[in-house]
Every structure is written in structure tokens, then in C-alpha cells.
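Contents: one structure, followed by commentary.
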Amino acid sequence: MKQYSRLIAVLLICGLLCSGCASGGAEGSSSSSTDLHYEMGKTTVLIPEFETADVSCDLLDVDFSHTSQGYFTCVLKEDGAKVNIQISGPDGVNYKYFIETADEVTAFPLTAGDGTYAVVGYENIGGDQYAAIFSYALGVELESEFLPFLYPNQYVNFTEDSEAVRLAAELTKDAESDLDALTNIYSYVTSHIVYDDEKAATVETGYLPDIDETLDTGKGICFDYAALTSAMLRSVSIPARLVIGYVEDVRHAWIDVYIESRGWVENAIQFSGDNWTLLDPTLGSSTSDETAAAEYMSDSSNYTVLYVR
């Protein structure tokens, strides 16, 4: 266990979280299909859309018309503004998101599933000070429990043009099942991306991963590993939950995945016979001792979940 205490010590905090509107109410290329059957070499990128402003004010518009798809969207209208969106759902967790780029559609996942959500928007009025600008009670009934974990969002950010999406299609073109596809993607990430100690020591609060940059540089922190792997899996219709929490007492990120033949596999990736071990691409790429890694990763007491993205 000493080697893992040392190993976990390098997984420094990834900066995963940062710590008067009128109510009113994207049809486009995105798909509402909940068909999860893996198709060899095919990518399906679901695109979050903005259709109608259900909440509108000087700073932003908010569209709640796609909540059955597992998300809602916002568009910031004022350059230089900063808005904090907080979402509290049936799981009792308060999720915080920030918007600083004007005229772009930003998607917010509804990861707690069906139920009532409280959505509150805050405007930055200087320094660390925020003032509430709207609140909204949102009732959610998903078309499929998987949809929040198939769409892109700020934390798992990808498009049809992402290199990671092209690579996922290439890696899975001969895979006969979602399990084969998962294995191929996991193996690529853990063998081609190295842990970036310098970045871990200097990363700033509010950092969001760029999956194609991670591929291009061949290095990243735990957040980059998890975001890249999740994006690649989602692009080939394999639901993946990016999980944020702690490994022992160090902030960390990892993944849960849905396999058709087994259902949701929580804290799992390595497969040998009938045994799974934790789906943790960072740890999997940081040691050559696969047996010891499997034992550590399969012990759920080593992991504490805070958020699911």
C-alpha cells in the first residue's frame, strides 16, 4: 500500500470545481435516440441545442426545453460578464458551473436523473461576490437514464470535429461489442497519455480539460484522463459518467461505464474473467504492476464520490 500512497500523492487537486430575470419557457442535428446498441466503427455525437428562452434577462437566456434529453442550455449575452449556474437535484448535491464566453451555447447535464431540480443563476458583481439573477424549479423526466452521460458538457467537451471522436471511431472499427470498444479506448489512453506532474502542481481553480490538447501533447492530469476517456466512449454510444471525488485524501477524477451485458459498472475498467477493477485511467497508466493496481482500484473504500458530470 505504501507504493499507492506515494502514487496517489502525485494526483494533486485538479481544480475541478470553482469553488432580475423574466421567465418565459434546439431543434437541429442532435438525436434524441436512446438506442445504445454498439455499431462497429460508428460515432454518434449528440449536440446540445438552444431553442427557446424560458428564462431571459440582460445577461443570459436559459432554455429548459430539452430536459427530457438530460440537459438544459444557456447563452451568455454580454461580453466580459461571468455567471455562476448552480443546480441542486434529487441527489442532494449542489453542482456549480461558470459561463464566461458570450454567444456560445453551454450545456448543463442533469446527472441526478428524474425528479425536481432547483436552478439558480448568479452574476459576478466583483471579485468573489455574486448576486442572484434568477431561480427556477425544474421538473425532470428523462427519456432515458443514459442521456446525461452521452451528451457533451463543459467537463466532457467534444464535437463531431474533435480528433478524439475520429480516433474513437478508428480504435473501435473492428470491435464486435461495447466491451471490446471500451477495452480498446481504455488501452489507448493509458498507453499514450502520461501524467503531467508540472501541470498538476500549477493548475488553476476552474480548469476545464481540452481533450484534443491532451491527445496532441500526450500528457495530462487525472481530470484530462477521465474527460478524454469519457468523451471517446460517449462518441461511440457507450454511456460514461465522469466522477469527481477523492482517492484517500487527494482530489481525483475517474469513470463509471454502462455495458449492455452487465449494466452500470461502477468503479470498474479492468476485466479478467468475471472480475472488474476500477475504471481509473490515471492510475492504470501510472503503474506497471497490474495486479497490485487492480487490488487497490477494486477497493471502493479508497474512493469517495463528490460529483458526477
Side-chain angles (χ1 to χ4, degrees), residues 11-23 48 50 53-64 71-112 116-138 152-157 196-211 213 220-224 226-227 242-253 304-309:
L11 305 180
L12 301 176
I13 186 167
C14 295
L16 305 181
L17 300 173
C18 303
S19 86
C21 290
S23 295
F50 186 96
D54 295 299
V55 170
S56 183
C57 62
D58 291 340
L59 280 183
L60 81 165
D61 291 329
V62 189
D63 177 12
F64 292 115
Y71 71 90
F72 67 89
T73 51
C74 292
V75 175
L76 185 66
K77 297 189 290 187
E78 184 177 314
D79 286 326
K82 183 178 181 179
V83 171
N84 171 215
I85 302 293
Q86 298 193 20
I87 308 167
S88 298
D91 59 359
V93 177
N94 186 36
Y95 290 85
K96 298 180 182 180
Y97 299 88
F98 291 82
I99 319 173
E100 298 185 60
T101 304
D103 302 320
E104 289 187 2
V105 175
T106 302
F108 301 90
L110 300 167
T111 55
T116 301
Y117 291 73
V119 181
V120 184
Y122 297 89
E123 173 191 4
N124 181 260
I125 57 176
D128 295 329
Q129 300 298 308
Y130 285 81
I133 53 176
F134 81 87
S135 63
Y136 199 95
L138 184 64
N153 58 53
Q154 284 185 319
Y155 286 72
V156 184
N157 195 2
D196 191 338
D197 296 285
E198 180 180 357
K199 185 176 184 179
T202 59
V203 67
E204 297 182 356
T205 299
Y207 170 77
L208 294 172
D210 182 327
I211 61 171
E213 180 181 89
I221 57 177
C222 58
F223 197 7
D224 298 313
L242 190 158
V243 185
I244 298 167
Y246 286 90
V247 176
E248 296 183 353
D249 60 350
V250 178
R251 184 67 65 86
H252 196 35
T304 301
V305 176
L306 295 179
Y307 304 98
V308 178
R309 303 290 190 176

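Note that the coordinates shown come from a computational prediction; the quantities given were computed from them, not determined experimentally.
- Summarising the geometry of V105 relative to P48, their closest heavy-atom pair is CG1-O, 4.3 Å, with the distance given to 0.1 Å.
- Residues Y97 and N153 fail the side-chain proximity criterion, which asks for heavy atoms closer than 4.5 Å.
- Shown here are the salt bridge (Lys or Arg N to Asp or Glu O under 4.0 Å) partners of K77, two or more places apart in sequence or in another chain: D61.
- In this structure, CG in N157 is found 7.0 Å from CD1 in I211, a value given to the nearest 0.5 Å.
- Not counting sequence neighbours, the partners of P209 by the side chain to side chain contact (heavy atoms under 4.5 Å, CB included) test are Y207, F223, D224, A227.
- Taken to the nearest 0.5 Å, the CG atom of D63 stands 4.0 Å off from the OG1 atom of T73.
- Looking at residues two or more places apart in sequence or on another chain, you find a side chain to side chain contact (heavy atoms under 4.5 Å, CB included) between A81 and L59, L76, E78.
- Under the salt bridge (Lys or Arg N to Asp or Glu O under 4.0 Å) criterion, D210 pairs with no residue, sequence neighbours left out.
- Annotation: side chain to side chain donor-acceptor pair (under 3.5 Å) contacts of Q154 (sequence neighbours excluded): none.
- Considering only residues two or more places apart in sequence or on other chains, Y95 meets the side chain to side chain donor-acceptor pair (under 3.5 Å) condition with D91.
- Partners of Y122 according to the ring pair (Phe, Tyr, Trp, His ring centres under 6.0 Å) rule, which considers only residues two or more places apart in sequence or in another chain, do not exist here.
- Evaluation of the side chain to side chain contact (heavy atoms under 4.5 Å, CB included) rule for L138 yields F64, T67, F72, L110, Y117, V119, Y136, V140 as partners, not counting sequence neighbours.
- Side-chain contact between L60 and I133 is present, with at least one heavy-atom pair separated by less than 4.5 Å.
- A102 and D79 make their closest contact through CB-OD1, 3.1 Å (heavy atoms, listed as atom of the first residue, atom of the second, distance).
- For S88, the side chain to side chain donor-acceptor pair (under 3.5 Å) partners at least two apart in sequence or on another chain are N94.
- Contact annotation: the side chain of F134 approaches that of I85 to within less than 4.5 Å [non-hydrogen atoms, C-beta and beyond].
- Applying the salt bridge (Lys or Arg N to Asp or Glu O under 4.0 Å) rule to pairs touching residues 100-112 yields nothing, sequence neighbours excluded.
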